[in-house]
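Report on one structure; see the data block that follows.
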Amino acid sequence: MSEQGLRESVELMRERGLGPEAIRVFEHYFEQLEAGALGTIPEDSIEPLGDIQALGEVQVSDEEARAALSKTAVIKLNGGLGTGMGMTGAKSALEVRDGLTFLDIIALQVLALRKQWDVELPLVLMNSFRTSEESLAILEKYPDLPVEGVPLDFIQNAEPKLCPDGLTPVKWPKDPELEWCPPGHGDIYVSLVTSGVLDALLAKGIRYAFLSNSDNLGATCDPDVAAWMVEHGVPYVAEVCRRTKSDRKGGHLAVRKSDGRIVLRDTAMVAEGEERFFRDIKRHNTFNANNVWVDLEVLRERMTQKQGVLGLPIIVNRKNVDPADPSSPEVIQMESAMGTAIEVFEGSEAILVPRTRFRPVKTTNDLLVIRSDFFSLDESFHVVAAVDGPEPYVDLDSAYRFVSGFEKRFPRGVPSMRDCTSLRVIGDPVFGRNVRCVGDVLIDGYRRVLDDAVLGEVSAGAAAPPVAPGEVRTVDEHLRAILSTLEPAPTQWTPLTEALGLVVARDVRAKVDLPHFDNSSMDGYAVRADSLAGAADAPVRLRIVGEVAAGEQPTFSVGPGEAARIMTGAPMPEGADAVIAVEDTDGSASGDVECRTAVTRGRYVRPRGEDVTSGSVVVPAGTVVGARTLALLAACGHAEVEVHRRPHVVVVSTGSELVPPGEALGAGQIHDSNSSMLWAAAVNAGASAEMRGAVGDSEQDLIALLDEVVATTDVVVTSGGVSMGAYDVVKNALAGEGIDFVKVAMQPGKPQGYGLLTGPGGRRVPFFALPGNPVSSFVSFEVFVRPALRRLMRLTPEKRRLRPATLISGVESFGGRRQFGRALVSRSAEGTLVAVPVAGQGSHFVADLSRANALFVVPEDVTELVAGEVVDVLLLDPEA
Ligand code: AMP
Ligand code: MG
């Protein structure tokens with residue numbers, strides 16, 4: 001079927017000048033792909049890696065180390081483009097620290113090792129056609145680096161990207177280079193052969209190669225590993241590190257039960273439904289650092305024997321032909337991973353190395369830490385921690401994700417991180433010179449971080465506040481700050497009816513065909529259409545041979561001249577291929593039936609699989625579960641569906657003046673109306689909610705309540721106590737505790753508090769402190785809490801849509817603040833919306849709030865709107 005795809009691909013590869021080994025490997029994977037290979041490693045086919053050698057316990061003399069190193073070459077995987085960090089060229093050309101790029105540091109590390117051990121230690125880069133020129137230009141600074149007879153780089157092979165249908169090479173005339181991709185870093189073994197580098201190294205007496213990623217500065221050529229490998233005659237060594245909670249994603253090694261060989265299971269190789277095993281860091285307690293040592297003689301022997309096809313497991317990657325354009329056509333890329341070669345060599349070993357040998361820079365968060373004073377470069381250009389203790393955790397906002405945005409916001413260097421345990425930045429402040437982070441730091445805002453600021457645990461008596469005094473935030477800035485702290489709620493298998501309104505997290509496939517069997521769509525008689533050929537001219541009598549009701553399975557068959565009574569939904573008996581409706585017969589129950597019309601084959605038969613075929617996706621991820629989705633899920637055999645969990649909201653009112661509704665009011669007291677209002681608003685937004693009544697204006701009571709609820713809830717919403725009064729309990733209790741109290745340029749709802757409470761086990765619980773006036777509270781919920789809940793549930797759009805409405809009477813507004821007024825909106829005869837502002841626009845008017853069905857929005861730069869002008873409105877109730 002896809003023979004043509006293979007032929008065309010091979011032709012293109014030949015035209016491009018790729019060697020026979022590269023083509024053979026391509027053919028090998030192509031066949032696997034065609035055969036439907038998934039490349040997965042099921043959990044029951046492996047056992048966890050047992051006891052392995054720890055590098056720290058290896059005893060090596062200087063002489064042994066030198067001897068091993070003198071036969072070793074360093075090869076760096078250098079094809080990476082750093083697209084994840086917004087780069088377009090070679091990632092290793094990025095400046096890491098002290099004015100040095102990855103490549104500078106790699107070169108200096110190699111030169112230092114050569115000097116220290118008096119060895120030749122060739123350095124070779126495996127480049128892609130995109131990274132070669134730029135990388136070699138950087139290395140020109142080091143005239144002593146090239147070693148005679150060995151090139152400084154070789155270019156890895158390429159293969160055509162394939163169309164998923166028919167597996168033909170994709171055509172992309174816009175940028176034909178995008179029709180090609182590298183076949184993964186597992187191609188290194190093939191490229192070493194096709195480039196001639198393998199022979200060149202062996203000819204020089206180099207027998208071992210240390211292979212690692214160029215973005216991993218911890219991967220230095222450690223002579224102890226080389227010596228250990230030589231001493232024990234190990235053909236292939238993979239370095240692994242202890243796995244911690246944050247390493248759940250990386251690949252791990254395991255022992256294959258069938259032959260006892262060590263295998264690598266990468267993320268892409270996990271069988272469906274087995275993520276939990278993959279993520280279990282107790283069961284698979286080390287991860288693959290992708291630092292690999294290979295005996296080149298053994299490699300050559302193997303490659304010769306196998307004509308270049310090592311047979312590494314295939315990784316089937318689905319991407320877009322233009323990776324930067326998600327709307328470009330989908331393609332298949334057949335890849336393999338360098339580390340999977342471990343299963344190919346008899347006698348391969350894993351060695352446990354310290355974390356310091358795995359220090360990749362994948363994100364600008366990593367970059368910040370490696371650039372900071374938490375690390376330094378020692379005289380051998382190894383990256384060493386300047387401080388004991390764990391590396392700080394860094395989480396920068398999206399504005400910093402690309403290197404360009406990162407550099408712009410740290411124009412005077414990154415902060416000191418020696419005393420920092422975590423740094424989280426929401427918003428996009430520019431950092432001044434000499435900033436120091438201490439302990440856990442959360443920056444939330446859009447202001448400048450001043451020169452010499454100390455962020456975090458500011459010592460008593462420290463003078464200047466760390467951030468410039470806050471201006472007022474805009475509504476959009478505040479909402480952005482809130483949303484940037486939120487991740488979608490975890491997914492959960494949920495019984496159908498409890499999933500109503502939630503978002504499906506994973507494609508759902510039908511477990512059965514729909515219809516499940518050929519059945520009748522009419523009450524009538526199952527017949528062979530041929531038996532009634534003449535019935536249009538003169539009635540035909542058929543002999544009744546049986547009867548089938550819905551839910552029964554007929555045990556007889558219908559032959560020529562025969563009929564079976566059949567009811568709607570009942571399975572078609574064998575032999576019958578059509579149904580004649582009872583109305584077109586004399587309706588006999590037994591004996592003969594007189595049929596007055598002819599029928600075509602298939603008439604009134606609902607064939608099996610007509611609606612849905614078993615295994616097809618019926619409900620794609622992202623679907624909001626509604627009544628019709630539930631019907632489909634149930635029909636396809638599902639009792640549960642995996643959805644993003646419904647967040648639970650605890651609502652707390654504050655104020656000593658509050659008494660529950662229904663109780664008599666004493667002097668100065670009012671009924672707590674915010675609790676029920678916010679509870680309902682949360683439920684309307686799709687969350688589950690719980691009222692905890694009112695706490696008085698006591699900080700201890702509030703803290704005690706929060707300590708309790710934080711353990712069981714996903715979100716906390718309070719009202720009252722956030723402005724400038726003496727009894728502003730929420731603000732007084734929580735300011736400086738990770739909750740920010742800010743002024744937002746809106747009316748009503750200017751004072752707002754938001755932050756993350758920390759629950760048991762470090763769980764983060766979003767906390768909203770809304771103002772107390774009922775209207776302010778309501779508007780604040782609409783504008784900030786509702787979008788946040790929808791973000792958690794992955795419902796889109798997160799914000800209500802603005803619709804234009806014609807104002808029936810004029811309104812005035814404060815300049816400089818966005819005003820959310822209350823209005824009654826209806827449809828005019830022409831179908832357009834008209835808005836009547838309610839009389840009382842004060843933030844204490846509960847009755848006018850209740851009368852309104854919409855908010856109208858007056859922008860910051862508008863102070864007056866006259867009758868007849870169009871205003872944006874947010875409709876609060878669903879339209880019928
Ligand atoms: P506060 O922000 O606590 O000063 O409250 C502002 C105004 O809102 C005061 O008049 C409070 O009495 C009123 N208020 C606060 N909480 C509630 C509530 N739960 N129900 C009704 N009114 C409230
Ligand atoms: Mg109060």
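Just follow the structure's listing: the first ligand is 1, and inside any ligand the first atom is 1.
- Against a heavy-atom cut-off of under 4.0 Å, Glu657 is close to the following atoms of ligand 1: 11 (C), 12 (O).
- Within ligand 1, the atoms closer than 4.0 Å to a non-hydrogen atom of Gly721 are 1 (P), 2 (O), 3 (O), numbered from 1 in the order shown.
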Stepwise ring-ring contact (aromatic ring centres under 6.0 Å, His included) check, Phe402 with Phe406
CA-CA 6 Å; Phe402 287 173; Phe406 177 92; over 10 Å; no

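- Near Gly720, with a cut-off below 4.0 Å to any heavy atom, the atoms of ligand 1 are 2 (O), 3 (O).
- Applying the side-chain hydrogen bond (donor to acceptor under 3.5 Å, both in side chains) test to residues at least two apart or on different chains, none of the pairs has a partner in residues 723-736.
- Those atoms of ligand 1 that come under 4.0 Å of a heavy atom in Ile670, given as number and element, are 12 (O), 21 (C), 22 (N), 23 (C).
- Cation-pi contact between Arg418 and Phe374: absent, since separation from the ring centre below 6.0 Å together with deviation from the ring axis within 45° is not met.
- The main-chain N or O of Ala745 is never found under 3.5 Å from a side-chain atom of His478 such that the two would form a donor-acceptor pair.
- Considering both main-chain and side-chain atoms, Ser673 comes within under 3.5 Å of ligand 1 through a nitrogen or oxygen pair.
- When heavy-atom distances to ligand 1 are checked against a 4.0 Å cut-off, His844 has no atom that comes that close, whether in backbone or side chain.
- By the 3.5 Å distance cut-off applied to N or O atoms, Ser675 is not counted among the residues near ligand 1.
- The proximity of Ser653 to ligand 1, defined as any non-hydrogen pair under 4.0 Å, is limited to the side chain.
- Between the side chain of Arg646 and the main chain of Glu498, a donor-acceptor pair closer than 3.5 Å is present.
- Proximity to Asp672 (heavy-atom distance under 4.0 Å) selects the following atoms of ligand 1: 18 (C), 19 (N), 20 (N).
- Within ligand 1, the atoms closer than 4.0 Å to a non-hydrogen atom of Thr654 are 16 (N), numbered from 1 in the order shown.
- Nearest-residue assignment for atom 8 (O) of ligand 1 (options Gly772, Pro751, Ser656, Ser723; heavy-atom criterion): Gly772.
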Residue pair Asn434, Asp452: steps toward the side chain to side chain donor-acceptor pair (under 3.5 Å) verdict
CA-CA 5 Å; Asn434 251 337; Asp452 303 312; 3.3 Å; yes

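- Shown in contact with Asn773 at under 4.0 Å from a heavy atom are these atoms of ligand 1, numbered in order with element: 6 (C), 7 (C), 8 (O).
- Applying the side-chain hydrogen bond (donor to acceptor under 3.5 Å, both in side chains) definition to pairs two or more places apart or across chains, those involving residues 804-824 are Asp476-Arg818, Ser813-Gln819, Arg818-Glu860, Arg822-Gln841.
- Defined by atom type and a distance below 3.5 Å, a donor-acceptor pair is present between the side-chain atoms of Ser688 and His648.
- Listed for the Thr421 side chain is a donor-acceptor partner under 3.5 Å among the backbone atoms of Asp440.
- When atom types are taken as modelled, the side chain of Asn365 and the backbone of Leu396 share a donor-acceptor pair closer than 3.5 angstrom.
- Within ligand 1, the atoms closer than 4.0 Å to a non-hydrogen atom of His671 are 20 (N), 21 (C), numbered from 1 in the order shown.
- Nearest non-hydrogen protein atom to atom 16 (N) of ligand 1 is Asn674 ND2, 3.6 Å.
- Only the side chain of Leu658 comes within contact range of ligand 1, with a heavy atom under 4.0 Å; no backbone atom does.
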